[in-house]
J.: 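One structure, pasted below without further comment.
Every chain is numbered from 1, with letters handed out A, B, ... down the list of sequences.
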Amino acid sequence: MCPAVAPQRSILWFRKGLRLHDNPSLLAAIKGATHLYPVFVLDPWFLKPDVVGVNRLNFLLESLTDLRSSLQARGSNLLVLRGNPQDVLPRVWKDWNITRLCFEADTEDYAEERDTKITAAAQEAGIEVISCVSHTLYDTSDVVAKNGGKAPLTYKGFEKAITALGPPPAPVEDPPAKLPPLAADSKGTDSETTSVPSLRELGYPDEASTDIKGGETEALARLAEQLSDKGWVAAFEKPKGDPTAFIKPATTVLSPHLKFGCLSPRLFYEALQRVYKEKKEHSKPPVSLLGQLLWREFYYVAAAHTPNYHRMEGNPICKQIPWDNNAEFYRAWEESRTGYPWIDAIMAQLRRTGWMHHLARHCVACFLTRGDLYVSWEKGRDTFDRLLIDGDPSLNSGNWMWLSASSFFYQYFRVYSPITYGKKYDPEGKYVKHFLPILKDYPPKYIWEPWKAPKEVQEQAGCIIGKDYPAPIVDHAEVSKR
DNA sequence: GTGACGTTGTCGCT
DNA sequence: AGCGACAACGTCAC
C-alpha cells in the first residue's frame with residue numbers, strides 16, 4: 001500500500017533550458033503538485049551593455065516571451081522576477097509555501113556556485129530540491145568516469161568514453177496540456193511586476209540589430225526546416241562550409257537555441273539519428289552535424305571537470321604563454337580597425353548579427369592571439385561572450401584555448417591568413433563589402449588587401465587607406481612567424 | 001622512450 | 001586537385 005503523499009507546491013526555476021519539450025525538471029515539478037510556480041530570475045547585475053550585448057539580451061527576452069505564452073496556453077504562467085536569485089528565491093518560496101524546487105543542472109562554474117548555495121538554503125527551509133540533467137546529452141560526470149576520472153583532452157578519448165556509455169537518454173515526454181495553476185492569492189505574482197521587460201526598460205536600445213529570433217517555437221521550426229533537407233544533412237561536413245555565406249549561412253544556426261536551451265540537445269540528437277537511418281550514406285563525426293553536437297558535449301565535459309578552466313593561470317590544461325596584451329591592438333580588433341578587411345568584416349558581422357560562421361571565428365581568434373596580435377585568448381573570449389548570441393562559456397573558453405594553441409590543439413604553425421583565407425571562398429569580396437560598406441567600391445583585385453591599391457584606385461573607390469579605412473596594424477607576413 | 005596522430009593552414013609546385 | 005615542405009607542438013598507445 002502507498003503512503004499518502006502530501007500535495008506539493010513546486011517552483012520550476014528556469015535558467016537555461018527555456019523550453020517545455022524534453023524538460024525532466026518540469027515533469028518532476030508537476031508530479032503530485034497542486035500548484036506550480038514557473039519562474040525566471042533576471043539578475044540586474046548582468047543586464048549591462050558591457051556585459052551582455054543587445055542581440056544576446058533580445059534573444060533571451062524573446063525566449064522568455066515565447067515560454068510565457070506556451071505556459072499560459074497550458075493554464076500556467078511564467079513569472080519574471082528581478083534581483084539576485086539568492087535573495088529572490090528564498091523570499092518567494094516562503095511567500096508561496098513552497099515544498100519543492102526543481103531546476104535543470106548547470107555545470108558552469110558560476111552556476112554551480114549559485115546552485116550549491118540555493119540548494120543548501122532550500123533544504124534548510126525543508127524544501128525538496130530536484131535537479132535534472134537535460135542541457136547536455138550525458139551527465140558530464142559519467143563521461144569523466146568512463147575516461148579514468150579525468151576529462152578527455154582529445155576527440156578520440158571523448159569518443160571512446162561516450163561509446164562505452166552508449167547512446168544518450170531519449171527526450172522525456174511532453175508536459176500535459178493542462179499544468180497545475182499558480183495559487184490565485186499568491187503575493188508577488190501579478191503580471192505588472194512579473195512580465196517580460198522590454199529592451200528599453202532595461203536601458204538598452206529599442207531594437208536589436210540581428211534577425212536571429214529566440215524562443216522554443218522558433219527553435220523547433222528551425223530544427224524542422226534545417227533537417228527537412230535530408231541530403232544536405234547527410235552530406236554536411238563542417239570544414240567544407242563557406243564562412244563567407246551570410247544570406248543563407250552554411251550551418252544550421254541552431255547554436256543560439258542550444259545555448260539557451262530553447263532546443264534540447266537530445267531532441268536534436270534523436271532527429272539527426274532519424275535522418276541518418278534513412279540516408280545510409282552520411283557524413284560521420286567529428287565533421288558531421290552529429291559531430292558538432294558532440295563537440296559541444298566535449299567542451300562541456302572539459303569545462304565541468306577542469307579547475308580554472310576559464311583562465312590561463314592555474315588552469316592545468318592551458319599552456320602558459322606570456323601574451324603581450326597590447327590594449328590598442330585589442331580595441332582595434334574588437335572595433336574592426338585592424339586594416340585587414342577579412343578580420344574587420346567578421347567582427348562587424350559579430351557586432352551587427354551576434355553570429356558568424358565557425359571558421360570565421362577561427363580566423364579572428366587566430367589573428368588576435370598566436371597569429372598576429374599576440375593578445376591573450378581571455379580578452380577575445382570576453383568579447384565573444386558579450387556579443388555572440390550563442391556565447392556559451394564552456395564552448396567559448398574551450399574554442400579560444402584551441403585556436404590560441406593553449407589547449408587541445410598545438411600545431412601553432414597552422415596560421416590562418418587574414419588575406420587569402422576569405423579570398424578563396426569569396427573572390428569578389430561580397431562578404432567584405434556587405435559588412436564593411438566603406439570598401440564597397442573597391443575592385444575585387446584589391447578588396448582583400450586594399451592598401452595595395454594605387455592611389456587613383458583608392459580615390460575612385462572613395463576610400464583612402466590610412467584615412468577612411470586603416471592601413472594594416474601589423475604586417476601579417478612578419479608577425480605570424482613569431 | 002618512441003612513434004603515430006591530431007575536426008577544418010599556407011605556399012609553391014606539378 | 002593533390003602533394004610535400006614548412007618546423008616541430010602535446011597526447012596517447014605501445
J.: If you take the centroid of each ring, where Trp contributes its six-membered ring, are A:His135 and A:Tyr300 closer together than 6.0 Å?
T.: yes
J.: Would you measure the distance from the P atom in C:dC6 across to the matching atom in B:dT7 and give it in whole Å?
T.: 25 Å
J.: Whether A:Glu225 and A:Arg222 form a salt bridge (side-chain N of Lys/Arg under 4.0 Å from carboxylate O of Asp/Glu) is what I want to check.
T.: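 Result for this pair is no, no salt bridge flagged.
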J.: Tell me, do A:Leu267 and A:Leu263 make a side-chain contact under 4.5 Å, heavy atoms counted?
T.: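 Touching, per the 4.5 Å side-chain cut-off.
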J.: Pick from A:Ser397, A:Ser404, A:Ser376: which one makes a side chain to side chain donor-acceptor pair (under 3.5 Å) with A:Arg381?
T.: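 Going through A:Ser397, A:Ser404, A:Ser376 one by one, the side chain to side chain donor-acceptor pair (under 3.5 Å) with A:Arg381 is satisfied by A:Ser397 alone.
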J.: Tell me what A:Val415 touches on the nucleic acid: a base, only sugar-phosphate, or nothing, going by heavy atoms under 4.0 Å.
T.: sugar-phosphate
J.: Look at A:Glu334 together with A:Arg386 and state whether they make a salt bridge at an N to O cut-off of under 4.0 Å.
T.: yes
J.: Is it the case that the ring center of A:Phe236 lies less than 6.0 angstrom away from the ring center of A:Trp232?
T.: yes
J.: Mind checking which nucleotides bracket the chain A contacts on DNA chain B, 5' to 3', with an atom under 4.0 Å from a heavy atom?
T.: B:dG6 to B:dC11
J.: Between C:dG4 and B:dA4, how far is it from one P atom to the other, in whole Å?
T.: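 The same atom, P, in both gives a distance of 16 Å.
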J.: Across the strands shown, which category fits A:Lys284 at heavy-atom distances under 4.0 angstrom: base, sugar-phosphate, nothing?
T.: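 Counting heavy atoms under 4.0 Å across all strands, no contact is made by A:Lys284.
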J.: Angle between ring planes, A:Tyr340 versus A:Trp451, binned at 30° and 60°: parallel, tilted or perpendicular?
T.: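 Answer is perpendicular, since the angle exceeds 60°.
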J.: With rounding to whole Å, what would you report as the distance between C:dA7 and B:dC13 at their P atoms?
T.: 16 Å
J.: Do the rings of A:His257 and A:Phe59 sit parallel, tilted or perpendicular, given the 30° and 60° boundaries?
T.: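 Ring orientation, 0 to 90° scale: tilted.
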J.: Just to be sure I understand the rule, does A:Lys319 reach a base, reach only the sugar-phosphate, or reach nothing, if contact means heavy atoms closer than 4.0 Å?
T.: sugar-phosphate
J.: Paired stems touching DNA chain C, three or more consecutive Watson-Crick or G-U pairs with both distances under 3.5 Å?
T.: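 DNA chain C forms these stems: B:1-6 with C:9-14, B:9-14 with C:1-6.
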J.: Taking 5' to 3' order, which nucleotide of DNA chain C is first and which is last to have an atom within less than 4.0 Å of a heavy atom in chain A?
T.: C:dA8 to C:dA13
J.: With a non-hydrogen cut-off below 4.0 angstrom, is A:Thr420 in contact with a base, only sugar-phosphate, or nothing?
T.: sugar-phosphate
J.: Applying the ring pair (Phe, Tyr, Trp, His ring centres under 6.0 Å) criterion to A:Phe408, which one of A:Tyr155, A:Trp295, A:Phe298 satisfies it?
T.: A:Phe298
J.: Does a side-chain N-to-carboxylate-O contact under 4.0 Å join A:Arg311 and A:Asp109?
T.: no
J.: Could you check whether A:Tyr421 gets within reach of a base, just the sugar-phosphate, or nothing at all, counting any heavy atom under 4.0 Å?
T.: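 Here A:Tyr421 touches the backbone only, sparing every base.
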J.: Both conditions, 6.0 Å and 45 degrees, for the charged tip of A:Lys259 above the ring of A:Trp355: are they met here?
T.: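 No cation-pi geometry.
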J.: Which part of the nucleic acid, if any, lies within contact of A:Lys424, taking any heavy atom under 4.0 Å across all strands shown: a base, the sugar-phosphate backbone alone, or nothing?
T.: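 Here A:Lys424 touches the backbone only, sparing every base.
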